[in-house]
Amino acid sequence: MIRILPFPLLSLLLWLAWMLLNGFSWGHALLGLLLALLLPLATRPFWPNVPRLRNLPRLLRFLALVHWDIVVANLTVALLILRSPRRLRPAFVELPLALTDDFAITVLMSTISLTPGTVSADVSEDRATLLIHVLDVDDPEALVAEIKQRYERPLKEIFEC
Amino acid sequence: MDSLVEFLVAAFILLGAAFALIGSIGLARLPDFYLRLHGPTKASTLGVGGMIMASLLFFSWQAQTLQLQEVLIVLFLFITAPVSAHMLAKAAMHRGLARRKDTKGRPWKQ
Amino acid sequence: MLEIALPVGFALIVLALLLNLYRLLRGPTLPDRALALDTMYVNAIALIVLYGIATDSKLYFEAAMLIALIGFVSTVAVAKYMTRGDIIE
């Protein structure tokens, strides 16, 4: 089971993407199934240690939260951009990471970049600190606390224990 | 075409186009590179998101079935946009691009 | 309603593309230009999707997808070149 389907979720995603690209027909369903089985096997060496997904409902709630935040923060940033740029208070902020897994860190960085107003600029060699550039911040520490509470904690629950 | 669907499609088109424009305004007028990075990577993603929503609604209504193809574009953009933003930020820090003087904190040495 | 929303949408996106072009020409640094080009890719995708709605054709979906793919790869390649002075080490 493990040997045939190393990454069941990746296989499912590949199959869904294939079906979306080609539209539904039984032939494509079969071909997609074949690709969804073979591609993860073929690309296995590229994924040295993928974390187990531990909490699917939590992941779905996290995705919903992120999408909502993207919309809300987009409106905020739109206003910030249209105001006078002189009133912006930009900052580089360092965020100490509690996550240890590379993939989880990547997801956190993507989340930070996608929610407007913050861009993750770099991660330190030892994976202990994240460098974030913020468009407009009053209290950097409060921002770090919010990111940790809002995004990092759920990710920790989803990918690690 | 049903007028409610038409209204929604029109609303999503205008929303998407407005956000695409605001992102580009940010790119054009903000004073330093790190600030400019914020405009496009955000508003453009929602800009395209709005367009895709409009397109989904429009074609699903035309065919009277759910047409989800376009979701792939949004999915792809949402996965790749942070990566390109990250790479560009790294490149900027490596070249030591100037930041606005009142920026708190400092970029790391590359 | 669409007959108003479509031209307005086109106008806004084209204006966005012109602003990107301004940043692309003006610079002042290489990362700025790369960022402007990346934004142009994203806006071009929006334009193509909008054109698909306007012409009531799904033909353009593949074009939008291809621009998304090419845009990402080229931006990453350019950014990598700017940091390392090389694309494939």
Side-chain angles (χ1 to χ4, degrees), chain A residues 13 16-24 63 66-67 70-94 106-125 129-140, chain B residues 15 18-19 21-39 41-47 49-50 65 67-73 75-90 92-94 99-110:
Chain A
L13 272 179
L16 280 177
W18 186 262
M19 294 321 286
L20 284 176
L21 265 178
N22 293 298
F24 187 86
L63 286 178
V66 170
H67 279 88
I70 287 175
V71 174
V72 172
N74 250 310
L75 295 171
T76 335
V77 168
L79 288 179
L80 287 176
I81 286 176
L82 294 177
R83 272 189 346 186
S84 157
R86 240 173 268 117
R87 281 161 66 190
L88 294 175
R89 292 158 297 177
F92 279 97
V93 177
E94 290 185 4
T106 312
V107 176
L108 179 68
M109 290 180 75
S110 299
T111 312
I112 290 172
S113 290
L114 277 178
T115 44
T118 47
V119 174
S120 49
D122 206 355
V123 58
S124 62
E125 290 283 328
T129 327
L130 211 61
L131 183 69
I132 303 172
H133 186 267
V134 198
L135 187 62
D136 179 59
V137 68
D138 189 22
D139 177 7
Chain B
L15 187 87
F19 271 106
L21 179 60
I22 291 172
S24 302
I25 290 176
L27 179 73
R29 83 192 280 239
L30 290 176
D32 77 19
F33 175 80
Y34 304 102
L35 289 171
R36 279 177 216 138
L37 201 52
H38 287 276
T41 56
K42 325 295 194 186
S44 287
T45 10
L46 197 78
T65 48
Q67 306 271 316
L68 286 177
Q69 279 196 340
E70 278 90 347
V71 173
L72 282 177
I73 298 180
L75 191 70
F76 185 78
L77 274 184
F78 273 33
I79 293 173
T80 58
V83 180
S84 17
H86 174 77
M87 297 291 286
L88 285 172
K90 270 186 94 102
M93 289 193 297
H94 177 71
R99 59 193 189 282
R100 215 171 72 165
K101 290 199 183 54
D102 59 346
T103 307
K104 286 179 219 150
R106 49 176 52 252
W108 293 343
K109 283 250 156 44
Q110 296 286 318

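Throughout, protein chains are lettered first and strands after them, A, B, ... in sequence-line order, and every chain is numbered starting at 1.
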Below 30° counts as parallel, above 60° as perpendicular, anything between as tilted: where do the rings of A:H67 and B:F78 land? parallel
Measuring from atom CG of A:L21 to atom CG of B:L68, what distance do you get when rounded to the nearest 0.5 angstrom? 12.0 Å
Sub-4.5 Å side-chain heavy-atom contact between B:Y34 and A:V134: no
Side chain, backbone, both or neither: which part of A:T115 has an atom under 4.5 Å from a heavy atom of chain B? backbone
Enter the distance from A:L16:CG to B:L75:CG here, rounded to the nearest 0.5 Å. 10.0 Å
Note: vs chain B, highest number of non-hydrogen pairs under 4.5 angstrom among A:A73, A:S110, A:A17 is A:S110
How close do A:V119 and B:A85 get, counting heavy atoms only, and between which atoms? CG1-CB, 4.3 Å
Work out which heavy atom in B:P82 is nearest to a heavy atom in A:L114; give both atom names and the distance. CG-CG, 3.8 Å
Search all heavy atoms of B:H86 against all heavy atoms of A:V123 and return the closest pair with its distance. CE1-N, 4.5 Å
Rounded at 0.5 Å granularity, tell me how far CD1 in A:I81 sits from CG in B:L27. 9.5 Å
Minimum-distance pair of heavy atoms, taken over all atoms of A:R83 and B:R29: O-NH1, 2.9 Å
Could you grab the distance from atom CD of B:Q69 to atom CG of A:N22, nearest 0.5 Å is fine? 8.5 Å
Close side-chain approach of A:H133 to B:L35, heavy-atom, < 4.5 Å: yes
Chain B heavy atoms under 4.5 Å from A:I112: which part of the residue, side chain, backbone, both or neither? backbone
Do A:L131 and B:M93 have side chains that approach each other closer than 4.5 Å (heavy atoms only, starting at C-beta)? yes
What pair of heavy atoms forms the shortest contact from B:K90 to A:D122, and how long is it? NZ-OD1, 3.0 Å
On a heavy-atom basis, which atom in A:N74 and which in B:L46 lie closest, and how many Å separate them? ND2-CB, 3.1 Å
For each of A:P140, A:P90, A:A91, A:S113, tally heavy-atom pairs with chain B at distances under 4.5 Å, and name the one with the top tally. A:P90
